[in-house]
Protein chains: 2
Amino acid sequence: MAWELKTDRPIYAQLIEQLELRICSGIYPPGARMPSVRDLAQEASVNPNTMQRALASLEEDGLLYSHRTSGRFVTKDVEMIRKTRNKLAQEQVHEFLKKMGELGFEYSEILSIITDLAEELIK
Amino acid sequence: MAWELKTDRPIYAQLIEQLELRICSGIYPPGARMPSVRDLAQEASVNPNTMQRALASLEEDGLLYSHRTSGRFVTKDVEMIRKTRNKLAQEQVHEFLKKMGELGFEYSEILSIITDLAEELIK
DNA sequence: ACTATTGTATTAGTTACTTAATACAATAGT
DNA sequence: ACTATTGTATTAAGTAACTAATACAATAGT
């Protein structure tokens, strides 16, 4: 999963989202050591300060914690990660259905669009 | 449909999206006269310049056109609106499935989540 | 012709984001 | 003890977004 940073919104916000995603999807597993701020910043082609800001935010949420010199780690609280994952999923579903609704799509239509797409990807 | 402006991304970008949505959903029907820049700005609690910027962008896309003093109008090209609507829907579906996939959800799960939610809203 | 309302343009000031460069603080590893 | 690497903090500068205030241009309506 590559870093995808668009210019139409604050980078730190996008970093937060993508780090959250990486944690919830297990790319950074519970208890794992994160790459250093500087390495992450270089990976994402971003200033270390910007990356630091994003990491600090996740730390506030409790998803990360840091030991001064040994590095920064993903929480070992798998329950918290699971809840975060569900929260993110629910937000996605909610936003999606809202937008589609505003565009005038019925549930039946939405369902058939997704099933069609699913079949596309299977074959 | 109220104006929803968050602080985590440029306002003009959000205005563009929501105006697009209003046009595609028929809130501003084909050929209809839009409220004036100043009125729209006041509605959305935004500076007229910011609203103007968003409107100018939609005008570039051809979704709007303006007559100097009589106001700004939605295009009469219903086909263009239809295409825009489909484009927006496709983007929504694509983004949604991508995010859910990254969160580790299978299609079957996604489908059942949506159907469950649909039933929730029906009852 | 006059007037009000429309879209449009300009200039300036403020704020937030981002980068950059640097320094400090703490400790694991040697 | 020393050293490298870690997270953290600070200061400065540049850029873009947003607001604000104002003015101009065009024309529909009277």
Give the nucleotide from the list D:dT6, D:dA25, C:dA20 with an atom nearest to the side chain of A:S36.
-> D:dT6
Should the pair A:K99-B:E95 be classified as a salt bridge under the 4.0 Å nitrogen-to-oxygen rule?
-> no
Which nucleotide sits closest to the side chain of A:T69: C:dT8, D:dT6, D:dG7?
-> D:dT6
For DNA chain D, find the residues of residues 54-67 of chain A with a heavy-atom distance under 4.0 Å and give them by number; none if there aren't any.
-> A:E59, A:S66
Rounding to a whole Å, what distance do you find between A:Q52:CD and C:dT19:P?
-> 14 Å
If only side-chain N and O atoms of A:R72 are considered, is one of them under 4.0 Å from the OP1 or OP2 phosphate oxygen of D:dG7?
-> yes
Salt bridge present between A:E17 and A:R9 (N-O < 4.0 angstrom) = yes
For the side chain of B:N47, counting heavy atoms from C-beta on, which of C:dA20, D:dT19, D:dG7 is nearest?
-> D:dT19
For D:dT5, take OP1 and OP2 only and decide whether either is under 4.0 Å from a side-chain N or O of A:S70.
-> no
Rounded distance in Å - CG (A:L40) to C1' (D:dT5) | 15 Å
Tell me which of A:Q14 and B:V37 sits closer to the 5' end of DNA chain C, going by the nucleotide each one is nearest to.
-> B:V37
Partner of D:dT30 under the Watson-Crick or G-U wobble criteria, both distances under 3.5 Å, comes out as C:dA1
Take the protein atom CG of A:L5 and the nucleotide atom C1' of C:dC17, then report the distance between them rounded to whole Å.
-> 13 Å
Let me know the distance between CE of B:M51 and P of C:dA9, rounded to the nearest Å.
-> 17 Å
So do B:T84 and B:I23 actually touch side chain to side chain, heavy atoms under 4.5 Å?
-> no
Take atom CZ of A:R68 and atom P of D:dA4, then tell me their distance rounded to the nearest Å.
-> 19 Å
Do A:W3 and A:Q18 have a side chain donor and acceptor closer than 3.5 Å?
-> no
With both distances under 3.5 angstrom, what nucleotide forms a Watson-Crick or G-U wobble pair with C:dA16?
-> D:dT15
Would you mind telling me which of D:dT19, C:dG7, C:dT19 lies closest to the side-chain atoms of A:V46?
-> C:dT19
Between P of C:dG7 and CZ of B:F73, the distance in whole Å = 9 Å
Nearest heavy-atom contact between A:T75 and A:M80 is CG2-SD, 4.4 Å
Electrostatic pair A:R82-A:E79, nearest N-O below 4.0 angstrom | yes
Go through the steps for B:V46 and B:L40 under the test side-chain contact (heavy atoms from CB on, under 4.5 Å), then give the verdict.
-> CA-CA 8 Å; B:V46 150; B:L40 281 173; over 6 Å; no
Per atom distances to the B:R53 side chain, the nearest of D:dA17, D:dT27, D:dT19 is D:dA17
At their closest point, which heavy atom of A:D8 faces which heavy atom of B:P10, and how far apart are they?
-> O-CD, 2.9 Å
Protein-nucleotide distance (A:Q42, atom CD; D:dT6, atom C1'), rounded to Å = 16 Å
What does B:R38 touch in the nucleic acid at a heavy-atom separation under 4.0 angstrom: a base, only the sugar-phosphate, or nothing?
-> base
With a 3.5 angstrom cut-off on both distances, give the Watson-Crick or G-U wobble partner of C:dT22, or none if there isn't one.
-> D:dA9
Once you round it to whole Å, what is the distance between C1' of D:dA21 and CG of B:N49?
-> 9 Å
